[in-house]
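Computed from heavy atoms alone, side chains included, the values below leave out hydrogens, waters and symmetry copies. From a predicted model like this one, the values you see are computed outputs, not experimental measurements.
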Amino acid sequence: MTFSGMQEALKAAASDARQELLAAYAGQLASYEGPESLGQLLGVPDLAARDVTQHCRTVRARNILINNAIGDSRELLHWAVSELINLRTCGRQSLVDILCALLISLTEAITRDQSDSEQVYHGDVTLCVLLGLWADSLDERQRLIFRHRVIRRDRNLDDLGNELGVSRERVRQIERKMVENFARWREKTAVAERISELSAEVRVNASPLMTIEQTVERIGDLSAEIQPFGLELSAFLGMLLPDLDIDEPWLAMTSLSDLRDATFHAAVYCSLPDGQGPSLDQIRAELLLDATDWAGWLDYCGLRSLGELVVRKGASQPELTVAVLKAVGRPLSVEEIAERIQVDAIRSLRNRLQEDDRIARVGPNSYGLPEWDLETYEGIREEIVQRIERGSGRAWLSDVVDELVEQFGVSPASVRAYAARREFSRRDGWISLVGNGDGGPSQASRRMSPPGETRRCFFLRGQWWFRIDINKEILRGSGFTAPRGVMALFQVAEGTERVFAALAQEIRISWTAPQPQFGSIRSLVTQLQAKIGDVVWLAPTDHGAARARLIRAWSKTEDDKIALRTGIRRGLSGEDLRTAVAGALALSVETSWDALVLALRARGDLDIAEIVEGYTMSKSFRALDSVPDLDDFFTALGGR
């Protein structure tokens, strides 16, 4: 008897005889020895999975199904009778009980499916109801795996396997079957019709880009949650309508990534004269977004608004300034820039603008862009010197005053006050540099210590090197001050600046302010892939360039810390370490530990002195009562 024949027999039989009929049919199946699966033998249609264990009459039959993870009808139909009888503790009576429970669950499933189909074809069932009916056919394990592996994809196989008490391979098998099950459900006539209707309604009522919340408001056949799975609509809608692009909270008729890229490009690049592509205004008009949604979309694209200006999130202050200047098209004061980019630290902003090559200082307190070809402002003193040099050694003072006042907006009193400095000579209305033909002395330069007396300078590989400790300010592009002895190393005179090439990157060293300055070295450290805590060493060459070395931070032990900060070879200890540090300070190899500490303190390397002292204190060979003798002291200071 086939399963369909058994169904007809059940319909014709009296209610009290149906259980005996099912048991008899189960007995016939239990005697079958062929390799076909139960699904092939019964020839049942595609039915939703049902719990078989609840129909088992004995505890043993129920436990056999549970222990082998085949408790639902869809799983059990893949097994052959010969496979079931070989299961541990499964005798013939248990096998008959299992097969009888399967037949009962299949009969109920067919009855329910026919009832659902009749209701569907009456046209009074929504997609959400259909989905609920399908979800009801799944057990809790299948729902859990479907929710976290197929929809959300937020848990791995091992995690779910541990929770469910099965192997990861079993979870993978159930996941695969759930995908197939869902695909078959989508292809059912009633479901496919509802999905087609929903897709058409979405495209008619939806904008090119809108939020999931707006989609729910406009389309009545959607629910804020897919109740049977406890899922948000956005997590499930992508499977129902795969031709849409959905990423919480946005739904787009086309590619979300393409829309995001176009918006970012318009904000960051299309403000340039040769910018290509639509403008931000055009994109916003095409997307039909109001002010609130537009702000949310910009945030999704990695952008933010500064008034009417849109910039990328995380942009540095100089980057924001460049964007503001491009939008305004004229120089702005630092206060105007600070207001537009919404920062309060005026002094810090001014310092960063003056150190950035993308921004030109065009007045005492105003900044523009280099491509505007405006006269750059170097400070009143430097501007006076430039005009003297352009006049072959002298300039008419009143003309210098008028020119600087008109060009840079400085006060006449400020120009005359600078012109009254001792470095300038004034005679008969003319101004010149002292020493340029008038027999006067040149401006006395401040004393520059030699590199050997300068902190962070060490003698390595036959020449002096300057150590730069990488921190977040340097990585961000800030400049930094340097000891005056470094100016002697790089031969930068007071009142001047030089540019050195290092690894095809420019390094600007300036001594036009009271304290010598290095400009931004961000391009160099970026090329070296330096990180916070690393050390970059610089040394000048004979050809106006600079050598650069990167030493990665390790700082595992005190001798490692000493090696990192002095530039010597890593791995040295004891007397070898002492000799190497003495060589890095250009001192005698006989210099004692105590004399090295004195020398480091005298030149300002207090951090290294403290590390060296701690290192020597931890060594057993260091005499507890030792004190530096006088000869060591003078040796450390470069004396007799």
Side-chain angles (χ1 to χ4, degrees), residues 448-470 474 480 482-492 498-509 516 518 521 523-531 533-593 595-597 599-600 602-605 607-609 611-612 615 635-638:
M448 291 188 292
S449 301
E453 299 177 11
T454 302
R455 68 183 186 277
R456 292 189 284 158
C457 286
F458 295 90
F459 193 73
L460 309 165
R461 300 185 179 183
Q463 69 176 122
W464 288 97
W465 293 73
F466 174 54
R467 188 189 82 232
I468 301 173
D469 300 320
I470 303 302
I474 289 177
F480 52 92
R484 291 175 185 166
V486 177
M487 300 300 101
L489 174 61
F490 286 88
Q491 299 182 9
V492 179
R498 293 185 64 186
V499 177
F500 294 82
L503 300 179
Q505 306 297 327
E506 288 189 350
I507 300 175
R508 187 179 300 275
I509 306 176
F518 272 67
I521 61 169
S523 57
L524 175 63
V525 298
T526 299
Q527 181 171 336
L528 291 171
Q529 298 181 347
K531 301 178 180 178
D534 292 346
V535 169
V536 170
W537 293 88
L538 293 179
T541 68
D542 296 332
H543 308 291
R547 295 185 177 93
R549 294 173 54 207
L550 172 69
I551 304 299
R552 294 289 183 193
W554 60 87
S555 299
K556 301 291 185 181
T557 60
E558 288 183 331
D559 50 1
D560 285 340
K561 296 177 183 177
I562 294 170
L564 178 66
R565 287 164 173 77
T566 59
I568 63 176
R569 180 166 60 87
R570 179 186 177 187
L572 300 177
S573 61
E575 288 300 292
D576 292 335
L577 179 62
R578 181 192 60 77
T579 302
V581 173
L585 295 173
L587 300 176
S588 167
V589 295
E590 303 299 328
T591 305
S592 67
W593 282 112
L596 290 177
V597 172
L600 289 167
R603 71 206 301 267
D605 284 313
D607 57 336
I608 307 178
I611 296 172
V612 170
Y615 174 77
T635 299
L637 298 183

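In terms of modelled atom types and a separation under 3.5 Å, the side chain of Y615 and the main chain of G574 share a donor-acceptor contact. In this structure a side-chain-to-backbone donor-acceptor pair under 3.5 Å is present from R603 to C457. Checking side-chain atoms of T591 against main-chain N and O of A595 turns up no donor-acceptor pair under 3.5 Å.
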Practice task
Determine, stepwise, if the pair Q505 / F500 fulfils side-chain contact (heavy atoms from CB on, under 4.5 Å).
Solution key: CA-CA 8 Å; Q505 306 297 327; F500 294 82; over 6 Å; no
Practice task
Test side-chain contact (heavy atoms from CB on, under 4.5 Å) on I562 and V581 and set out the steps.
Solution key: CA-CA 8 Å; I562 294 170; V581 173; 3.7 Å; yes
Exercise for the section: Report the C-alpha separation of R565 and F458 in whole Å, then their side-chain angles, then the decisive distance to 0.1 Å, and conclude whether the side-chain contact (heavy atoms from CB on, under 4.5 Å) test is met. Expected result: CA-CA 9 Å; R565 287 164 173 77; F458 295 90; over 6 Å; no
Practice task
Let me see the working for L528 and V536 under side-chain contact (heavy atoms from CB on, under 4.5 Å), right down to the final yes or no.
Solution key: CA-CA 9 Å; L528 291 171; V536 170; 4.1 Å; yes
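Here the closest heavy-atom approach between residue P540 and residue W464 is recorded as CD-O, 4.3 Å. Closest heavy-atom contact between I568 and A580: CG2-O, 3.6 Å. Between R456 and W537, the shortest heavy-atom contact is O-CZ3, 4.3 Å. The nearest pair of heavy atoms linking D559 to S573 is OD2-CB, 4.0 Å. Taking all atoms of both residues into account, the shortest heavy-atom contact from A584 to L460 is CB-CD2, 4.0 Å. Between A501 and A545, the shortest heavy-atom distance links the atoms O-CB, 3.3 Å.
Taken to the nearest 0.5 Å, the OG atom of S523 stands 10.0 Å off from the CG atom of L503. Taking CG of L585 as the reference point, atom CG of L600 lies at 5.0 Å (rounded to 0.5 Å). Here the straight-line distance linking atom CZ of R547 with atom CZ of R549 works out to 11.0 Å at 0.5 Å rounding. Rounded to the nearest 0.5 Å, atoms CZ (R498) and CD (Q491) are 6.0 Å apart. Once rounded to the nearest 0.5 Å, the distance linking CG of L489 with OG1 of T454 reads 8.5 Å. Considering CG of L524 and OG1 of T526, their distance stands at 8.5 Å, rounded to 0.5 Å.
By the 4.0 Å N-to-carboxylate-O rule, D469 lies close enough to R467 to be salt-bridged with it. Salt bridge annotation for D534-R552: present, with a cationic side-chain nitrogen under 4.0 angstrom from a carboxylate oxygen. A salt bridge does not link K561 to E558: none of the charged nitrogens lies less than 4.0 Å from a carboxylate oxygen. Checked for salt-bridge contact, D560 and R570 meet the test: a charged N lies under 4.0 Å from a carboxylate O.
Contact check for I470 versus V525: side-chain heavy atoms found under the 4.5 Å cut-off.
In this structure, the ring of W465 has its center no less than 6.0 angstrom from the ring center of F459. The aromatic ring centres of F466 and F518 sit less than 6.0 Å apart.
The 12-atom threshold is exceeded at CD of Q527, counting heavy atoms of other residues, nucleotides or ligands nearer than 6.0 Å.
Applying the side chain to side chain contact (heavy atoms under 4.5 Å, CB included) test to D576 and every residue at least two apart in sequence or in another chain returns L572.
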